[in-house]
Number of protein chains: 2
Amino acid sequence: MYAEGMAQSRNIPLTKRPISDERATSLSTAFSALSDPIRLRLFDLVRRAGETGVCSCDLVEPLDRSQPTISHHLKVLREAGLVDSRREGTWLWYFAVPDCLSDIQTFLP
Amino acid sequence: MYAEGMAQSRNIPLTKRPISDERATSLSTAFSALSDPIRLRLFDLVRRAGETGVCSCDLVEPLDRSQPTISHHLKVLREAGLVDSRREGTWLWYFAVPDCLSDIQTFLP
DNA sequence: TTGATACTTTGACAAACGTCAATATATCCA
DNA sequence: TGGATATATTGACGTTTGTCAAAGTATCAA
């Protein structure tokens, strides 16, 4: 049976300097943005389009999702700071934010 | 109004070699495992414990979650291939799988 | 101003998720 | 064999998420 406060610590140096709660939340937002297969492919497509970016209308067909769904995913990516957009007439060109993954980079070993 | 198949392609070289669906799914599993703040801190704690690992009982208190919740998160991390465990008596020592993030590494710029 | 195209927002719904209490399983020790 | 500790599983719950149809907003051109 498991009872309150009965856990016996193994007295192992748990952590020297554990990640802060704030940083964990910030990082998890970035990870979360890439945690859906469609959204990951979406980001991949946008990133591959380089500085020029890619017209959002060209992203619907290859991902086999409705246009509103793609729009929703792009919003998630933008709010996570991974992509941004530039308007050109009625079109929106999406591009990857430079160094958007540097924070994740520093977390990896 | 948005109508079926009306999207006009901008004829931009969309992708040279877009990520495959399988790879996207595999990668998103890893990202998903780190998409929760508590689970991210959990992995951070385990990883910091090095080869020896850390006793699961020492992870409940610092993360301020119930024992079943920590157990659940550890299972998610294990199924994502990020951590593994070694039994020692009644204890389970969790440790980070070496190079578990190499796949994510190769995805980053 | 009217119509066409590009995109976003809203509303709805099922599925997945994070959480905990309660219970079950595993391992050791007396 | 029992009791104690460590961990996992089950079941339930409210919340979040991915999705689409429908409707709304934006921009341009005739």
Side-chain angles (χ1 to χ4, degrees), chain A residues 1-12 21 24-25 28-29 31-43 46 53-61 63-80 83-94, chain B residues 1-12 24-25 28-29 31-43 46 53-61 63-80 83-95:
Chain A
M1 195 205 301
Y2 186 83
E4 193 78 31
M6 303 298 272
Q8 287 292 335
S9 172
R10 297 299 101 232
N11 277 336
I12 288 297
D21 203 349
T25 299
S28 69
T29 300
F31 283 122
S32 186
L34 300 172
S35 69
D36 177 80
I38 295 290
R39 206 153 54 222
L40 186 70
R41 289 170 60 198
L42 184 54
F43 174 72
V46 171
V54 56
C55 184
S56 149
C57 67
D58 280 333
L59 294 168
V60 174
E61 192 192 308
L63 290 175
D64 198 35
R65 287 295 184 283
S66 74
Q67 181 271 326
T69 294
I70 298 301
S71 180
H72 163 70
H73 284 315
L74 284 170
K75 186 179 186 179
V76 173
L77 289 175
R78 178 165 38 208
E79 287 177 348
V83 307
D84 203 350
S85 61
R86 186 187 318 111
R87 180 172 283 278
E88 194 133 335
T90 69
W91 304 304
L92 277 182
W93 291 80
Y94 278 86
Chain B
M1 198 206 296
Y2 186 82
E4 191 79 30
M6 303 297 271
Q8 287 292 335
S9 172
R10 297 299 101 231
N11 277 335
I12 289 298
T25 298
S28 70
T29 299
F31 283 122
S32 186
L34 300 172
S35 69
D36 177 80
I38 295 290
R39 205 155 53 221
L40 185 71
R41 291 170 58 198
L42 184 53
F43 174 73
V46 171
V54 55
C55 184
S56 149
C57 67
D58 280 331
L59 294 168
V60 173
E61 192 192 308
L63 291 175
D64 199 33
R65 288 296 184 280
S66 73
Q67 179 270 325
T69 294
I70 297 300
S71 180
H72 163 70
H73 284 315
L74 285 170
K75 186 179 187 181
V76 173
L77 289 175
R78 177 165 40 208
E79 287 177 348
V83 307
D84 202 351
S85 61
R86 186 188 320 110
R87 180 173 283 278
E88 194 132 337
T90 69
W91 304 303
L92 278 182
W93 292 79
Y94 278 86
F95 53 92

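Proteins come first, then strands; the chains are lettered A, B, ... in the order of their sequence lines, and each starts at number 1.
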Nearest-nucleotide pick for [X], side chain only, options being [options]:
| X | options | result |
| --- | --- | --- |
| A:Thr90 | D:dC28, C:dT9, C:dA21 | D:dC28 |
| A:Trp91 | D:dT7, C:dC7, D:dC20 | C:dC7 |
| A:Cys55 | C:dT9, C:dT19, C:dC7 | C:dC7 |
| B:Arg87 | C:dA26, C:dT19, D:dG18 | C:dA26 |

Quick check: does any side chain N or O of A:Arg39 sit under 3.5 Å from a backbone N or O of A:Ala33, one acting as donor and the other as acceptor? yes
Please check: side-chain N/O of A:Arg87 versus main-chain N/O of A:Gly89, any donor-acceptor pairing under 3.5 Å?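 Checked: pair present.
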Ignoring hydrogens and angles, answer whether the base of D:dA6 and the side-chain atoms of B:Gln67 contain a donor-acceptor pair closer than 3.5 Å.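 No pair found.
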In residues 72-79 of chain A, which ones come under 4.0 Å of DNA chain C, going by heavy atoms?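 Heavy-atom contacts with DNA chain C come from A:Lys75, A:Arg78.
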d([atom1], [X]; [atom2], [N]) in whole Å:
| X | N | atom1 | atom2 | value |
| --- | --- | --- | --- | --- |
| B:Leu42 | C:dT19 | CG | P | 11 Å |
| B:Leu63 | C:dC20 | CG | P | 11 Å |
| A:Asp58 | C:dA6 | CG | C1' | 12 Å |
| B:Asp36 | D:dT15 | CG | P | 17 Å |
| B:Arg65 | C:dC17 | CZ | P | 17 Å |
| B:Glu61 | D:dA6 | CD | C1' | 16 Å |
| A:Arg86 | D:dA26 | CZ | P | 21 Å |
| A:Ile70 | C:dC7 | CD1 | C1' | 12 Å |

Taking only side-chain N and O atoms of [X], does any of them lie within less than 4.0 angstrom of OP1 or OP2 on [N]?
| X | N | result |
| --- | --- | --- |
| B:Ser66 | C:dT19 | no |
| B:Ser71 | D:dA8 | yes |
| B:Tyr94 | D:dA8 | yes |

Distance from [X] atom [atom1] to [Y] atom [atom2], nearest 0.5 Å?
| X | Y | atom1 | atom2 | answer |
| --- | --- | --- | --- | --- |
| B:Thr25 | A:Asp36 | OG1 | CG | 9.0 Å |
| B:Leu42 | B:Leu77 | CG | CG | 5.5 Å |
| B:Leu59 | B:Ile38 | CG | CD1 | 11.5 Å |

Assign B:Ser56 to base, sugar-phosphate, or nothing according to its heavy-atom contacts below 4.0 angstrom with the strands shown. sugar-phosphate
Compare all side-chain heavy atoms of [X] with those of [Y] and state whether any distance is below 4.5 angstrom.
| X | Y | answer |
| --- | --- | --- |
| A:Leu92 | A:Arg86 | no |
| A:Thr69 | A:His72 | no |
| B:Asp84 | B:Arg78 | yes |

For A:Arg39 and B:Ser85, take the nucleotide of DNA chain D holding the closest heavy atom to each; which residue's nucleotide lies nearer the 5' end? B:Ser85
If you pin A:Ser32 and A:Asp64 to their nearest nucleotides in DNA chain D, which one's is more 5'?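 Going by which nucleotide is closer to the 5' end, it is A:Ser32.
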